[in-house]
2 protein chains.
Amino acid sequence: MIAYKDMSREQLLEEKAALEKEFEAVKAKGIKLDMSRGKPGKDQLDLSDGLMDMLSSDSSFVSENGMDCRNYGILTGIPEVKKLMADFSETTPDNVIVYGNSSLNIMFDTIAHAMMFGVCGGTPWVKQDAVKFLCPVPGYDRHFKVTQHFGIEMINIPMTPNGPDMDLVEQYVNNDPAVKGIWCVPKYSNPQGYTYSDETVRRFAALKPAASDFRIFWDNAYAIHHLYEESDRQDQLLEILSECEKAGNPDMVYKFGSTSKVTYPGAGVAVLASSPANIKDMQATMTIQTIGHDKINQLRHVRFFEGDMANMNAHMMRHAAILRPKFEAVEAALEASLGGLEIGEWTKPNGGYFISFEALPGCAKAIVAKAAEAGVTMTNAGATYPYGKDPQDTNIRIAPSFPTPEELTRAAEIFVLSVKLVSIDKYLGA
Amino acid sequence: MIAYKDMSREQLLEEKAALEKEFEAVKAKGIKLDMSRGKPGKDQLDLSDGLMDMLSSDSSFVSENGMDCRNYGILTGIPEVKKLMADFSETTPDNVIVYGNSSLNIMFDTIAHAMMFGVCGGTPWVKQDAVKFLCPVPGYDRHFKVTQHFGIEMINIPMTPNGPDMDLVEQYVNNDPAVKGIWCVPKYSNPQGYTYSDETVRRFAALKPAASDFRIFWDNAYAIHHLYEESDRQDQLLEILSECEKAGNPDMVYKFGSTSKVTYPGAGVAVLASSPANIKDMQATMTIQTIGHDKINQLRHVRFFEGDMANMNAHMMRHAAILRPKFEAVEAALEASLGGLEIGEWTKPNGGYFISFEALPGCAKAIVAKAAEAGVTMTNAGATYPYGKDPQDTNIRIAPSFPTPEELTRAAEIFVLSVKLVSIDKYLGA
């Protein structure tokens with residue numbers, strides 16, 4: 001393999017001509033593949049169909065505390081689901097609220113609450129001069145869209161394999177009272193699949209925020225979403241709530257999670273875990289907003305897992321068995337076709353839903369457009385950055401979960417061809 | 001029967017002594033009954049248990065448009081549930097968004113949207129000098145709590161059997177640009193069970209609001225919740241969206257509804273029906289807030305009713321068969337024990353969940369406290385008014401749905417004793 005940067009103009013032109021032929025050939029097949037979102041595949045959904053057998057007209061609908069789950073009542077979740085989701089969140093039931101089907105909705109509502117009513121009795125953010133959020137990049141597009149929607153100024157913080165650049169985080173948080181929050185996907189981060197190191201978590205816990213209403217938005221979306229069975233290939237994340245408590249910052253974190261990628265996306269249960277003060281603060285608004293979330297679906301989930309995290313973890317290994325070959329197929333295709341060409345780098349995560357690809361500067365948008373030409377839809381280039389603006393135009397999020405393995409092989413083929421063609425054009429100065 | 005007001009002091013004292021004995025006797029039974037909320041009874045919940053048999057692990061989870069309802073996708077509801085809930089809302093599928101389990105949550109979010117982002121591109125309410133809501137009274141306590149939570153000023157509008165005092169509504173809405181909304185429960189109103197007359201609906205539709213972002217919050221919570229089968233005892237409500245359109249005010253109404261008192265409270269589906277402009281405006285925020293609501297539960301509901309409003313209406317008649325005797329038992333007890341005493345008046349609704357009781361001025365709080373002494377929990381007196389302040393202290397909301405008929409007889413007995421005792425004390429000047 002010769003790296004493209006070391007090829008002569010003639011070599012590049014020759015390579016380009018060959019690649020264009022290949023590209024036209026795959027394009028002619030008229031494929032249509034969606035690799036844009038972290039959607040589970042059909043076989044993954046099938047894993048949770050047993051959920052639908054947990055309740056029938058003959059079932060008891062009575063929760064542990066004697067409540068008829070079919071009726072109104074119970075704001076923060078039935079006791080057994082609070083226990084299960086507290087285990088999931090590595091905390092105690094008193095510290096959790098179990099919501100409806102969407103953790104994104106909790107995050108939105110948490111920010112809406114802070115904007116309108118303030119955090120724990122503080123001045124509503126909407127009445128403060130400036131509100132800023134730190135955004136580790138690349139990151140999750142929907143986080144950035146929430147903060148953008150509320151007019152919150154977003155500041156890019158570079159990611160490293162150990163988490164966000166903590167020097168920068170400390171500098172902002174500890175000095176600027178307008179910095180009210182930071183978006184974190186601390187485990188198997190979206191899109192890179194990085195897990196924050198123990199040191200990173202401890203530095204988070206030890207922050208001395210200039211703003212008393214600063215909060216860490218800890219979206220533990222992939223808390224148990226390993227790709228491998230071997231313990232040395234399962235990332236471990238230090239538990240943030242207890243670290244913050246130890247560091248004297250008990251109220252600094254909102255921790256979010258859901259079973260969206262455990263059972264059914266859109267029909268799971270979502271959870272907020274936080275300190276008693278934050279839980280009480282959120283409940284004050286929640287009790288006005290709703291009479292309560294779907295307790296029947298909570299009951300269904302508890303019964304499916306027999307209330308036991310060990311069963312949920314075992315369930316996740318069945319997801320892993322389906323997802324792992326897909327990740328490995330993409331990684332192998334990237335290695336086989338791009339290895340040594342020095343036109344891109346990619347992550348090899350132990351869990352989560354994404355592979356992050358770093359193209360040559362200025363190439364990401366063109367690569368995504370090129371792949372779309374041949375029928376492969378990727379996440380928009382730039383989406384992994386606030387305001388959709390990737391300053392170097394390098395990052396592409398690859399979501400291998402939804403296509404079948406066969407589709408994935410074709411999609412990977414189209415993707416690497418697109419990378420090569422766009423990179424050659426860059427070197428040719430086209 | 002001699003009216004209490006016509007009794008001599010001696011007669012009153014004699015009556016009081018007898019009633020006190022009776023009261024001590026029922027109190028000694030140590031009853032504990034909750035008549036505070038409009039909760040369906042257990043036998044009503046049983047009616048919808050078939051819902052739990054609609055989906056099993058063998059089912060197809062594919063919606064009409066080919067979507068796998070188990071996965072992410074579809075923001076505003078699957079096509080078949082949009083059709084069903086559009087029929088429910090007497091409009092077309094394009095004009096509805098089907099949400100999660102709670103219409104209260106939609107109302108809260110609609111006001112939060114207006115506060116933060118403005119209505120259809122208008123100035124956010126939070127940035128306007130004053131925001132006021134008209135509140136027909138007595139009304140639904142949870143409506144008033146939402147507006148209070150957002151710091152919206154509430155103005156009492158007296159209710160009549162034909163709906164709110166429309167002279168007053170027109171005067172406020174058409175002249176004061178700070179008046180941004182009005183809470184309405186137009187059919188079988190909470191708590192009186194009144195249904196707005198055609199003239200009232202037409203006067204609503206013909207409003208000329210001083211504020212372009214004025215909206216009617218039309219909570220059609222009891223749209224199909226009749227107590228009687230006979231058509232002449234089923235109230236009819238003119239459809240507001242089409243009336244507004246005819247009157248040149250197409251964007252003036254948000255219409256809310258849910259199946260909370262059709263299937264399961266807390267595990268039903270909720271709906272917003274409005275104009276295309278309002279739907280588009282709400283979607284702009286919703287698309288940031290969530291990836292979508294529980295499509296599995298939407299599918300379950302569609303299958304239970306076979307997508308047909310006729311089946312939902314037939315289902316409601318089964319609720320009516322259970323509720324009707326409860327309402328009639330309370331009405332009979334009130335008539336038998338209080339008729340002719342001139343110490344209270346009550347409504348005799350054709351539908352909904354409540355009977356409204358008007359005590360002598362200054363007596364409502366004391367009556368509710370007295371009943372509580374003997375183990376009967378009523379809705380807090382005052383709750384049916386903004387800020388919990390019933391200016392005359394007369395209104396009590398009776399919720400006959402949850403207790404069994406036997407419990408209801410006892411509760412009614414305790415209630416009338418409480419009314420009599422408190423009223424006598426009033427006349428005695430105690």
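Numbered from 1 within each chain, the chains take letters A, B, ... in sequence-line order.
- Of the atoms belonging to Val126(B), it is side-chain heavy atoms, and not backbone ones, that fall under 4.5 Å from chain A.
- Proximity to chain A (any heavy atom under 4.5 Å) is shown, for Tyr264(B), by both the backbone and the side chain.
- Shown here for Leu104(B) and Ile288(A), the closest heavy-atom pair between the two residues is CD2-O, 3.9 Å.
- Enclosure of atom NZ in Lys145(A) is not indicated, since only 12 or fewer non-hydrogen atoms of other residues, nucleotides or ligands lie within 6.0 angstrom.
- Here the straight-line distance linking atom OG of Ser260(B) with atom OH of Tyr72(A) works out to 4.0 Å at 0.5 Å rounding.
- Of the listed residues Leu51(B), Asn297(B), Thr285(B), the one with more heavy-atom pairs under 4.5 angstrom with chain A than any other is Thr285(B).
- What you find for Gly50(A) and Ser57(B) is that their closest heavy atoms are N-CB, 4.3 Å.
- Using a 4.5 Å heavy-atom cutoff, the side chains of Asn71(A) and Phe402(B) are in contact.
- Neither the backbone nor the side chain of Arg37(B) comes within contact range of chain A; no heavy atom of the residue lies under 4.5 Å from a heavy atom of that chain.
- Among residues two or more places apart in sequence or in another chain, the side chain to side chain contact (heavy atoms under 4.5 Å, CB included) test is passed with Asn105(B) by Gln289(A), Thr290(A), His293(A), Ser102(B), Asp109(B).
- Atoms CG and OG, from Asp53(A) and Ser56(B) in turn, are 5.5 Å apart once rounded to the nearest 0.5 Å.
- Only the side chain of Arg142(B) comes within less than 4.5 Å of a heavy atom of chain A; its backbone N, CA, C and O stay farther away.
- Most heavy-atom pairs under 4.5 Å with chain B: of the set Ile291(A), Thr287(A), Thr263(A), this distinction falls to Ile291(A).
- Between Met52(A) and Arg300(B) the shortest side-chain heavy-atom distance falls below 4.5 Å.
- Residues of residues 112-121 of chain B lying within less than 4.5 angstrom of chain A, judged on heavy atoms, are Met115(B), Met116(B), Phe117(B) in numerical order.
- Neither the backbone nor the side chain of Lys127(B) comes within contact range of chain A, judged by heavy atoms closer than 4.5 Å.
- Of the listed residues (Pro40(B), Ser103(B), Ser48(B)), the one with the most heavy-atom contacts under 4.5 Å to chain A is Pro40(B).
- Both the backbone and the side chain of Phe150(B) come within contact range of chain A, judged by heavy atoms closer than 4.5 Å.
- Although no hydrogens or angles enter the test, the distance criterion places a donor-acceptor pair under 3.5 Å between the side chain of Asn101(B) and the main chain of Gly292(A).
- Within the 4.5 Å cutoff, side-chain heavy atoms of Asp49(B) are placed close to those of Arg70(A).
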